[in-house]
Amino acid sequence: MTDQTDIIDIQEQISQRRSKLTALRTGGNAYPNHFKRLHLAVDVLSTYNEHSPEALTETPVIVQLAGRLMLKRVMGKASFIHLQDMSGRIQLYVTRDALGIDAYEDFKHWDIGDIIGATGQLFFTKTSELSVKVSDLQLLTKALRPLPDKFHGLNDQEMCYRQRYVDLMVNPATRNTFKLRSHLVSYIRNFLIQEQFLEVETPMMHAIPGGATAKPFTTHHNALDMPLFLRVAPELFLKRLVVGGFEKVFEINRNFRNEGLSTRHNPEFTMLEFYQAYADYRDLITLTEKLLRGLSIELTGASIIQYQGQSIDFAKAFQQLSVKDSILRFNPDITLSDLDDIDRLKTRLTSLKIAMPANAGLGRLHMELFEHTVEHHLIDPTFITEYPTEISPLARRNDHNPDITDRFELFIAGREIANGFSELNDPDDQASRFKEQVHQKEAGDDEAMHFDQDYITALEYGLPPTAGEGIGIDRLVMLFADAPTIRDVILFPQLRKAQD
RNA sequence: GGGUUGCUAGCUCAGUCGGUAGAGCAUCGGACUUUUAAUCCGCAGGUCGAAGGUUCGAUCCCUUCGCAACCCA
């Protein structure tokens, strides 16, 4: 007998599995790596499912599979097990007669979670399930920790996030979400490449954080002895590339913002940004509609999707509304003249219990009102246009009204999905907007932008008339995966440090 | 930052109007050569999130803390 108290101690099942590993080590190489997988579970099923049992008997099909042992039904001298690989699951039939007495006896002590390699012949069971009659079975990697409940899987959300690998093993819905995410990104990438955009990578570490109004993470370069900031947006670098002559560029990469966590915010998130010379924001609206409509068909086979019980229609032309019109639509008691009167606006916001930033101008007040009373109503895809210049320091002023910019944001399911505008390519106007941002920063707005002289210099070389857009990839995945929180579409979402 | 809820066996969950806890699955032992969350029999497995307090007695009541979820700012 082994020391009973040791086995009972701490975690019984891990100890049991460790003793099995010790036996494996004694018997030879416990971690063999010679097994060659030749087939995938679901490929095999889809290729041979329509064959007749007779055909499989007449011309035997031998397959060689590897994966994780997920289910085990031992009935004396014969067993059924499920093997799960990257494609899905297949059933294997394991018998003492085929394996031999010793090998079968060893197999009976293998655990759910173990990684195995199997060779065998395809056949149909009594109930016509295509399965593998195993002739050779090998334990490739011993799993020392038990898997969650074979039926209920892993439900504890914290565990799903902290131990995503376990979540992925046992919850097919999680696997599907991240397959969909990969599919979505590759579709967008191909779409843009077909539209003749060039994929580029710009710095993640910026000496001057810019391109968005957001708080950056700070770090330090030792050799250069200089502070660096994780980027909040790639915008200013992508536009430098347009100055350089790359007239259509895009980047899909991470941004970092030092802000709170929520169901819609992770400190690092993935953003698509693309810039197109000789286009304006209206061209981007057209492109965005085309992209999303195609994406919906590609991912779901339909142009109307269900998100959290709401129906979202990508088929019909997306609505367009100006900021002001949208406020008026969802606040019937507010008049157009209210929107031009800063005192009346402040009174209104106060009565709605909306906190106002100090020194807020009309534009900022409009946006506060918009965020609190309009945004969550915008379920079907809606472009909001005519954003105030005050809060759009990188966007081109409207030719007829300098207080607004040629900018839009796209809202779906009450959330901002995209932000695009005709780019400000007048270096003098850009310099004065940066100055205004610096002024805001000095007044206490730590999200305001810095003055980026090198960017101004780039503009002085001449940025062609250009339009650019950013699309939040995580939020887009949430929509198509019907995920209520951003953590469900990020493999390893940021959490607080776990307690030991 | 504020509020609400949760934290019990490896997993999924019960439960104790305060008397230190149960089930299913998994594990371990036994039976079983076509199962489908296999079935049947048996054993074992817990600092009831952490620390204090109240109490004869706390997993339960109170306080603080940790982590998470949801809502609000």
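Every chain is numbered from 1 and lettered A, B, ... according to where its sequence line falls, protein lines coming before strand lines.
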Is there a donor and acceptor pair, one atom on the side chain of A:Thr125 and one on the base of B:rU35, closer than 3.5 Å? yes

Pairing partner of B:rU16 (Watson-Crick or G-U wobble, both distances under 3.5 Å): none

How far does the C1' atom of B:rU16 sit from the matching atom of B:rG10, given to the nearest Å? 24 Å

Decide yes or no, distance alone: a donor-acceptor N/O pair under 3.5 angstrom between the base of B:rA68 and the side-chain of A:Gln157. no

With a 4.0 Å limit, can you tell me whether A:Arg73 has a side-chain N or O closer than that to the phosphate oxygens OP1/OP2 of B:rU35? no

Could you check whether A:Phe123 gets within reach of a base, just the sugar-phosphate, or nothing at all, counting any heavy atom under 4.0 Å? base

Using atom C1' in both nucleotides, what's the gap between B:rU55 and B:rC61 to the nearest angstrom? 10 Å

What contact category does A:Ile14 fall into here, base, sugar-phosphate, or nothing, at under 4.0 angstrom with non-hydrogen atoms? nothing

With a 3.5 Å cut-off and heavy atoms only, can you find an N or O donor on one side and an acceptor on the other between the side chain of A:Asp97 and the base of B:rU33? yes

Euclidean distance for P, B:rU12 against B:rC62 (whole angstrom): 27 Å

What is the distance, rounded to the nearest whole Å, between atom CG of A:Leu83 and atom P of B:rU35? 21 Å

Looking only at atom C1', what distance separates B:rG18 and B:rU54, rounded to whole Å? 12 Å

Please report, rounded to the nearest Å, how far the C1' atom of B:rC43 is from the CD atom of A:Glu12. 10 Å

Are the charged groups of A:Arg348 and A:Asp333 less than 4.0 angstrom apart, N to O? yes

A:Tyr161 OH to B:rC70 C1': how many Å, rounded? 12 Å

Contact class for A:Leu495 vs. all strands (heavy atom < 4.0 Å): base, sugar-phosphate, or nothing? sugar-phosphate

Does A:Asn155 place a side-chain N or O at less than 4.0 Å from the phosphate oxygens OP1/OP2 of B:rC13? yes

Grab the CG-P distance between A:Leu71 and B:rA38 for me, whole Å please. 4 Å

Base, sugar-phosphate, or nothing: which does A:Thr263 touch, judged by heavy atoms less than 4.0 Å apart? sugar-phosphate

Pair of N/O donor and acceptor under 3.5 Å linking B:rG10 base with A:Asp149 side chain: no

For B:rC11, does OP1 or OP2 lie under 4.0 Å from any side-chain N or O of A:Arg145? no

With respect to the phosphate group of B:rU34, does any side-chain polar atom (N or O) of A:Lys126 fall under 4.0 Å of OP1 or OP2? no

For A:Arg487, report the nucleic acid contact type (base, sugar-phosphate, nothing); a contact means any heavy atom under 4.0 Å. sugar-phosphate

Counting only distance, no hydrogens or angles, is the base of B:rU35 paired donor-acceptor with the side chain of A:Gln91 under 3.5 Å? yes

OP1 or OP2 of B:rU34 less than 4.0 angstrom from a side-chain nitrogen or oxygen of A:Lys77, does that happen here? no

Which nucleotide in B:rC11, B:rA44, B:rU33 has an atom nearest any side-chain atom of A:Met159: B:rC11

Taking 4.0 angstrom as the limit, do A:Asp474 and A:Arg181 come out as a salt bridge? yes

Grab the CD1-P distance between A:Ile81 and B:rU35 for me, whole Å please. 17 Å

Of the nucleotides B:rC28, B:rU12, B:rU34, which one has an atom closest to the side chain of A:Asp156? B:rU12

Are side-chain heavy atoms of A:Met449 and A:Arg433 found at a separation under 4.5 Å? no

For a quick check of understanding: with a heavy-atom distance under 4.0 Å over all strands, which category does A:Lys108 fall into, base, sugar-phosphate or nothing? nothing

Roughly how far apart, to the nearest Å, are B:rC43 and B:rC7 at atom C1'? 30 Å

From the candidates B:rC67, B:rU33, B:rA26, the one with an atom nearest any side-chain atom of A:Tyr93 is B:rU33

Who is the Watson-Crick or G-U wobble partner of B:rA50, with both distances under 3.5 Å? B:rU64

If you look at every strand shown and take non-hydrogen atoms under 4.0 Å, does A:Val74 touch a base, only sugar-phosphate, or nothing? base

Roughly how many Å apart are B:rU8 and B:rU59, using the C1' atom of each and rounding to a whole number? 7 Å

Sorted by position of nearest nucleotide on RNA chain B, 5' first, the leading residue of A:Arg96 and A:Trp110 is A:Trp110

Using the P atom on both, measure B:rC40 against B:rG24 and round to a whole Å. 10 Å

By nearest-nucleotide position on RNA chain B, the 5'-leaning member of A:Phe80 and A:Glu158 is A:Phe80

Considering every strand and a 4.0 Å limit on heavy-atom distances, what is the contact class for A:Ser131: base, sugar-phosphate, or nothing? nothing

Let me know the distance between NZ of A:Lys497 and P of B:rG49, rounded to the nearest Å. 23 Å

Quick one: are A:Val323 and A:Ile404 in side-chain contact, heavy atoms under 4.5 Å? no

Does any N or O in the side chain of A:Arg475 come within less than 3.5 Å of the main-chain N or O of A:Ala418, such that one atom is a donor and the other an acceptor? no

Spacing of the P atoms in B:rG46 and B:rA23 (rounded, Å): 14 Å

From CD1 of A:Ile486 across to C1' of B:rA69 the rounded distance in Å is 16 Å

My understanding is that a pair needs two contacts under 3.5 Å, Watson-Crick or G-U wobble. By that rule, which nucleotide pairs with B:rC25? B:rG10

Using a cut-off of 4.0 Å on non-hydrogen atoms, how would the nucleic acid contact of A:Gly260 be classed: base, sugar-phosphate, or nothing? nothing

Please say whether more than 12 non-hydrogen atoms of neighbouring residues, nucleotides or ligands are located less than 6.0 Å from CE in A:Met205. no

With both distances kept under 3.5 Å, what pairs with B:rA31, Watson-Crick or G-U wobble? B:rU39

Can you find a side chain N or O atom of A:Lys150 that sits less than 4.0 Å from OP1 or OP2 on B:rC25? no

Would you say A:Asp340 and A:Ser337 are linked by a side-chain donor-acceptor pair, where the criterion is simply a distance under 3.5 Å? no

If I take atom CZ in residue A:Phe151 and atom C1' in nucleotide B:rA37, what distance separates them, rounded to the nearest angstrom? 6 Å

Any-strand Watson-Crick or G-U partner of B:rU4, both distances under 3.5 Å: B:rA69

More than 12 heavy atoms of other residues, nucleotides or ligands under 6.0 Å from NE2 of A:His439: is that the case? no

Please name the residue in the list A:Ile327, A:Asn419, A:Asp325, A:Leu321 that meets the side-chain contact (heavy atoms from CB on, under 4.5 Å) test with A:Ile384. A:Leu321

